[in-house]
2 protein chains.
Amino acid sequence: MPDGPDIVRAAALLGDPARANMLTALMGGQALTAGELAREAGVTAQTASSHLARLEAGGLITVRQAGRHRYFALAGPDVAAVLEGLMSLAARAGHSRTRPGPRDPALRRARRCYDHLAGELGVAMFEALVADGRLALVDDHPVLTETGEAFVRGFGLDPETLRAQKRPLCRSCLDWSARRSHLAGTLGAGLLSRMTELGWARLEPGSRVVTFSKKGLAAFEAEFPTPHP
Amino acid sequence: MPDGPDIVRAAALLGDPARANMLTALMGGQALTAGELAREAGVTAQTASSHLARLEAGGLITVRQAGRHRYFALAGPDVAAVLEGLMSLAARAGHSRTRPGPRDPALRRARRCYDHLAGELGVAMFEALVADGRLALVDDHPVLTETGEAFVRGFGLDPETLRAQKRPLCRSCLDWSARRSHLAGTLGAGLLSRMTELGWARLEPGSRVVTFSKKGLAAFEAEFPTPHP
DNA sequence: ATCATGTTTCGACTATGGTCGAACTATGCC
DNA sequence: GGCATAGTTCGACCATAGTCGAAACATGAT
């Protein structure tokens, strides 16, 4: 019966509340210190330390030493993808977190999914891109069209650079809050970072929430209009 | 700190050796009885029963009553996707299963990945399809071309029927044994089932191994020639 | 040097949950 | 009806591992 790689090691790492909290915190995309992660997970520094050591040994996170701080981050987009997959499964099974906190509405509205935009606004952007032909869906996979390529350039991004990465340019990612898709891949990541550069939105430190300024939201809705039914 | 759906419930279910064995067995795509799964997992019937009850409560598997047997199957392709994702993580981290058993070479050669062909032959087929333009890669995603569509018809499948499903027609799936991609999606599933209909290959009951007949292998290699470097 | 802060190590406690033996229920066959 | 097989429930045992207190180890500031 032994066949295939050892799922159990990885899955068991994700199966503990403290570790899961740390990893979801890291889904924000930015690196966090051991102490911050301990607070985020609701455990003491000692226990957090042991958990972090395990996560690193399991290859799920990476460490970067900086002075007397140690910054932890997800090991890569594939880890984030598995986490989002688990969230979708849990959402489908109807097991939402025990107490939906005050941050929850903001998270449903706009949040980071590792390095791209998710939530209602993420879904709206994706559907707007598809609706007016900047993205085409081929076998349910998003593909950048010629008009889309022009838009990307106009937005201040270089398609060639984005394509040069190892990750695919476009990927659709199932949104656990909206049960619809949003845009991942290097294009998704590029668009989000460009929006922060332009001052449209701000990444709330210590959370996954993305806050849009008033002007930014107007610009966003002009660029990605909601298709009227 | 409570944000998002509860990953832990789902992940903890995958984090136990017995349950993970059952689920990987179900990756074969066919439904299995409680007893078969107990044997597959190496536990007694009692423990298996409790595990299966948990997996069903967690929404990872579904049950179908048939006489005095109960047939269990994965709840859907999304579950299979998460499992494959975990396998990729584990493979990258270098944690292969403790003892690669005698079945292992056969598994590396050709196996089912849920409902489509994986292993060396799966990778070979995928690369042959891409090499002669039956599949095109757009942003790393496989897309069926016009010549590909003709080939599918000639192979005895109806592209429209395949496209009518909820799942995408083509999906690439990272192969843990070959570290390259093979073809998933309804097309991947359709091709495998057609190969068994044609007598090219047989699905070994109780394992994920796919055995090709001598004639079948010859036909396979004629249809999907290995691109010479 | 001294102190403070961030992080890890050690040791002990505790609980969750995986395991099986035995008994019980349900279905099918004769 | 009686018997065999498939599956579940109950109860008890035991190990794994998550938890924290106390103390050690770093690094940076004064």
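First the proteins, then the strands, lettered A, B, ... as listed; each starts at 1. All values reported here derive from a predicted model rather than from experimental measurement.
Contacts of A45(A) with the nucleic acid, taken as non-hydrogen atoms under 4.0 Å apart, include base atoms.
For residues 62-89 of chain A, the pairs satisfying salt bridge (charged side-chain N to carboxylate O under 4.0 Å, His left out) are D78(A)-R92(B), E84(A)-R208(A), with sequence neighbours left out.
Between R54(A) atom CZ and dG18(D) atom P the separation is 5 Å, expressed in whole Å. Atom C1' of nucleotide dA17(D) and atom CG of D16(B) are separated by 14 Å, given to the nearest angstrom. Atom CZ of F72(B) and atom P of dA6(D) are 14 Å apart (whole Å).
H182(A) and H116(A) have tilted rings, their planes meeting at an angle from 30° to 60° on a 0 to 90° scale. Using cut-offs of 30° and 60° on the angle between ring planes, the pair W200(B) and F155(B) is perpendicular.
If S50(A) and E36(B) are placed on DNA chain D by their nearest nucleotide, the residue sitting closer to the 5' end is E36(B).
Annotation: side-chain hydrogen bond (donor to acceptor under 3.5 Å, both in side chains) contacts of D115(A) (sequence neighbours excluded): R167(A). With sequence neighbours excluded, no residue forms a side-chain hydrogen bond (donor to acceptor under 3.5 Å, both in side chains) with E56(A). In terms of the side-chain hydrogen bond (donor to acceptor under 3.5 Å, both in side chains) criterion, R54(A) has no residue partners (sequence neighbours excluded).
A donor-acceptor contact shorter than 3.5 Å links the side chain of T186(B) to the backbone of L162(B).
Note that the first and last nucleotides of DNA chain C, 5' to 3', having any atom under 4.0 angstrom from a heavy atom of chain B are dG18(C) to dG28(C).
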Practice task
Report, as a single string ordered 5' to 3', how protein heavy atoms within less than 4.0 Å touch nucleotides 20-27 of chain D: B base, S sugar-phosphate only, - not at all.
Solution key: BBB----B
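Donor-acceptor pairing under 3.5 Å is lacking for the side chains of S193(B) and T196(B).
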